[in-house]
Amino acid sequence: MYSNLWLIPFFPLVGSIINGLFGKKIKNEKVIGGIATIAIFLSFLVSCQNFFRLLGDTEKVHQQILGSWMSIGILNVEWGFLLDPLSALMIMVVTGVGSLIHLYSIGYMHGETGFYRFFSYLNLFCFSMLMLVLGNNALVMFIGWEGVGLCSYLLIGYYFEKKSAGDAAKKAFVVNRIGDFGFLCGLFTLFWALGSKGVWTLNFVEISENAHLLQSGGLLVTVVTLCFFLGATGKSAQIPLYTWLPDAMEGPTPVSALIHAATMVTAGIYMIARMNILFAMSPTTMMVIAFVGAATALFAASIGFAQNDIKRVLAYSTVSQLGFMFMAMGVGAFTAGIFHLMTHAFFKACLFLGSGSVIHGMHHAYHHAHLHDDPQDMRNMGGLRKFMPITWITYLLSCLAIAGMPFFAGFFSKDEILWWTFASTRGSYLVWIIGTIAACMTAFYMFRSLYMTFHGEQRTDVRAKDHIPESPWVITLPLIILAGLATIAGFIGIPHAIDVAHVGNGIASFLDPVFGQAQQLHNIGIPEDLAHNVGLEIGLMCMSVVIGLIGIGGAYYMYMKKQELPAKFTGAFPGLHKAVFNKWYIDELYDFLFVNPCKKIGTFLWKGFDVCVVDGVVNGIGWVVKGLASGLRYTQSGFLHNYAMIMVVGVVVIVGYYIFG
Amino acid sequence: MEAMLFYLVALVSVISAFFVTKCRNPINSALCLVTTFLCLAVFYVMLQAPFMAAIQIMVYAGAIMVLIIFVIMLLNIGSVGKSRYTHGVAGAIVLSFLSFIVAAKFIAGGTVSKAVGDISAEVVQSYGHTELIGKAMFTEFLLPFEIASILLLVAIVGAVILSKRKV
Amino acid sequence: MENLAQIAMESVNFQAIMPSLVLCCFGMVLLLVSVFLERGRTAPICWLSIIGLVVTGIISINGWNDPQAGFAGGVVLDNFATFFNLTCLIAAGLTILMSDSYLHREGYPVAEYYPLILFTTAGAMWMASGTDLMTIFLGLEVLSVSLYVLAGFFRGQLRSNEAGLKYFFLGAFSTGFMLYGVALLYGVTGTTKVAGIAEAIRLMPDASSNPMIIAGAILLSIGFLFKIGAAPFHMWTPDVYQGAPTPITAFMSAGPKAAAFAAFMRVTYISLDSLQVDMSAMFWVLAVLTMTIGNFVAIAQKDVKRMLAFSSISHAGYALVGMVAWNEVGFSGILFYMLVYTFMNIGAFAVLVLIGKQGEDNLTLDGMAGLGYKRPFLGVAMAIFLFSLMGLPPTAGFTGKFFIFAGALKAGYVWLAILGVLNSAVSLYYYLRVMVYMYFRDPVEDFSWVKMEMATIVSILIAIAGVLYLGVLPGPVMELAKLSIF
């Protein structure tokens, strides 16, 4: 019945291969872009079909097995797909937002060299992301997991002539690999832990069924989930591995929208949701997740205050919003987390695409006037409302959504998260307080960017001023659709307290088959007395709206009314501003703590090992000290007798150990 | 009597081995090496392996040593300067000492007090050592024996390739 | 005295050595043919040797599931041997394909090169099928001596001379250890047959505390550990791999290594089974040491060929993990991994063969800059091989590593698996750097000297096909690997 699941990743793969192999020969941008867009749109259609079929189906978990991948005696890994409410929702988001961004890219990337390369990578990314989401076992998921990392790397480095782009790409990949290491560690430990209970499996359905074999709250399950969480922090840019995401803004803007806002960075959240049953078994891990998420939300928001690059503001905002989702996961609000993931995909994609539209316009204007100013710097913008009305409206709607203004999408999802942090059995007031503050800050810096870009006096160079055009329809159409979604999508998750029309919380009941079991089994939820305390819930809701308004008001006051205030503020606290502006010096700290020592170890092992240790054994320490300088000339010591000596040492040590041991 | 002979020959072999490394003149070193080989041949005789002793003298003390001395003379290697090849002596001494301890330990701890396997002293006496080896070589170890011919072929081809003047 | 001839003939079974016999015959015929060819004309020899490999391959495949023992238990052609034989044949075939144009470019069109590769492969086959330590040892020697010559094949190049000489001296040195080990084991058990040793050790009351057995086992292992390039017996690899002609480097890192693993596995798994606890512990330490040293030193390398040499050390470490596991999953994992490694490593070297200039001084990271744009096919091919070497899915490197690590996990070595994963994460750094130079650096040179030689391209295509096939649909081959365990 669900036998066409494989088509969903298949179409983008085909699109990618066609463009990758023949794109250079096709040359026609419309054809190349068309192929890619149609490919992802076809998988959107297939996703829709499966999604609605699943909606009407009573059986909610379906697997499609294409064939065996590896069978290694104890274990049989399949090429298989899993469709359940969680993955159904995800494929809708990925293919839906993906289609819009493909369409947008046709306009945005117009005239770039390597146009075909871009679309080939973008399609390949969609393929990997869909593999990640649809995989029915952890290894297929891992293919997607690595694939999205690789594509993100290729796309961040798309403008490889810029050194910063290459560096950013490398950083993203290396940091992601730390996360992947965590993921694999978790995987192996879990594999072994379940295996030692007699179940050798990597299939998600079987893992869920057999999770009870592990001791709930035990050390093992905590270690496993913490490893997975490390993997999630890498992909989803959480403390301590978030530093790559802001740098990733070196890539083209559609990439930032698709990969670094809507889809790839949510892979960590998705993974936790997919294994919710394991995470639910370890309150310790859940607590760690909640606090890391809260800390990231606050920390990234604070950096967002002082950035002037429009995309960097959005990047830190993404990190911060991902923090909210982790907070949700940590307090057991799995549904709310996924809900926020979805609404965030809409409004953040819209914001990024909006910023792309602005950059596109600014770039055009500067190009027209032969200027080389930075088209991404908000200090060069202002008053763009007049020139790009559609972009402005959509940006405004998305800002309202992210700020959590009532009845926009972000309102429902964010409030649901905050309500759970407050009331859930795994919740904590501290997390709630941090979350609320972060929400206020979000409203502030998002509206700061709105005001600096679209309102007030225009600060663009006079020569370029009047040449800023509104973008073509391929760019504005996706903006309009996404803004529309950002406005109304929240209504599928109306909380019980304000559900006057009794339509019910659609998303909660839809996702219940995935999360219900874990929540019930491990007593995660809103306690009875609070669940019926409608007054309290509405009170908190009002409070967060007020807090959002305070943030917006603050931004309005500082950036519209009293425009000298920010400068004054900076002047009053130069140290603080500098620290925030330089992102709290975290990159420098990491360089100092990890990157440089690693390089040194490598060099030491290369030069130092051979020279000091090898020659040391051979020549006695005194000679080494004296001859170190001359010894350094021989980088790999290269002496035959040294090699032989090392062998003899090895033999003597090994044999000696066993004979005397 | 036998023990005394053993210790005497052993002493000579160790001393001559030492002088192989100690001598600065390659010819002297080579001659010391011949002495060591001859002592080893004596050991084989004492171990009731006359065939091995004969081979040892013919192949090592004879053929190989002649080759070495030819090479030394053809290349006209003089005695080696004092300053080279002296570093690393301390390390080598320490390492040799450690190896000796390890070797001593496992020889002392080895549980083999009698010969095992089909070939015992009586069998050797009744058949004769040469015959035994010949038999083993053409029955049990026929394949390794044949493989050795390929090995020699490869070695010859290699020697020719590496020493040909022109490609 | 019985009739010697009769006894000898009874134990002869040509079926058991048929593949190596055919290969040797081809080698000798080729040596003769080369005499009648004009100087510098090597192409016919090259193609004849390919034919020889194919014929041998067909004969080997025919022997599948039909175990043949012969020569008084000195050799057995079982599935295990056949699997390794085929691996070595593939390695030799890919190597020969990329060799001809290379030899001409470097100015050494010497026909004896090809017979020597055939003899090496025959030696590898005797190692894989030997059930007598003497057979294994002589196989090892045939393989080694041929490789000494091949490594030093470019007589006029100092680097090649150095490689040949170093390999020769250190190889002879390790052979000494190995023979001593064989002698000790023979002294204790009175036999050189692999099964006989196992029997004798099993009958001994306290075998694992008998210093002579332990020392014999370890010294014997050291001979093999040297050949596979495991730390601390790895010191020769970088110098030899860098100095040897590139196709030979590719061959050395795959075929002979696989053969050494074959003999090593047969000896440890059958003969030394009673010592499992001690041997596993030793392999544990050596595996971790090997992986780590190989990876960390590779980080500092600027020369791609040398970097691949160090990385081959770490890959030997991954394969050793299968030995630690000491179960059928781990052992069949090694079989599979050696096949995978043959494809991916030889493929990577084949790309280097194509982009090298005469003398190969341009195979540095800087020399790779912009390759991906100037020569897209070579760039993509190299990228695929590097991904596989990194162990990223869905390439064969991933399935191979997973296979081996699953064996370790099954045996309960969680930490070893985690250290292995950590090491692959480290390895990513230096493989990735090649990618960065290929794709994220502006081309310094135009790569106009690169000739797309048909034969080399074919070997690259075969390697790509192997890497992808074993990555996406490894099932059938894994099944064969499982059937190949004794």
**OP:** Name the region of C/F119, side chain, backbone, both or neither, that has any atom closer than 4.5 Å to a heavy atom of chain B.
**Re:** side chain
Subject >> Stacked cation flag B/K135 on B/F51, 6.0 angstrom / 45 deg >> reply: no
Original post:
Hey, what do you get for CE (C/M178) to CG (C/L220), rounding to the nearest 0.5 Å?
Top reply: 5.5 Å
**OP:** Below 4.5 Å from any heavy atom of chain B, which atoms of C/I17 appear? Answer side chain, backbone, both or neither.
**Re:** side chain
Subject >> C/R159 and C/E162 ion-paired at < 4.0 Å >> reply: no
Original post:
Should the pair C/K193-B/E140 be classified as a salt bridge under the 4.0 Å nitrogen-to-oxygen rule?
Top reply: yes
Original post:
Top residue by heavy-atom pair count (under 4.5 Å) with chain B, among C/L150, C/L138, C/N161, C/T192?
Top reply: C/L138
Original post:
So what's closer than 4.5 Å to chain B heavy atoms on C/I214: side chain, backbone, both or neither?
Top reply: neither
Original post:
Based on non-hydrogen pairs under 4.5 Å, which of B/V102, B/L151, B/I147 is most in contact with chain C?
Top reply: B/I147
Subject >> Residue C/F154 versus chain B: region with a heavy atom under 4.5 Å >> reply: neither
**OP:** Could you grab the distance from atom CE of B/M52 to atom CG of B/L40, nearest 0.5 Å is fine?
**Re:** 10.0 Å
Subject >> Segment of C/I213 engaging chain B (4.5 angstrom heavy-atom cut-off) >> reply: neither
Original post:
Atom OG in C/S271, atom CZ in C/R202: separation rounded to 0.5 Å?
Top reply: 9.5 Å
**OP:** Go through the atoms of B/L153 and report whether side chain, backbone, both or neither lie under 4.5 Å from a heavy atom of chain C.
**Re:** side chain
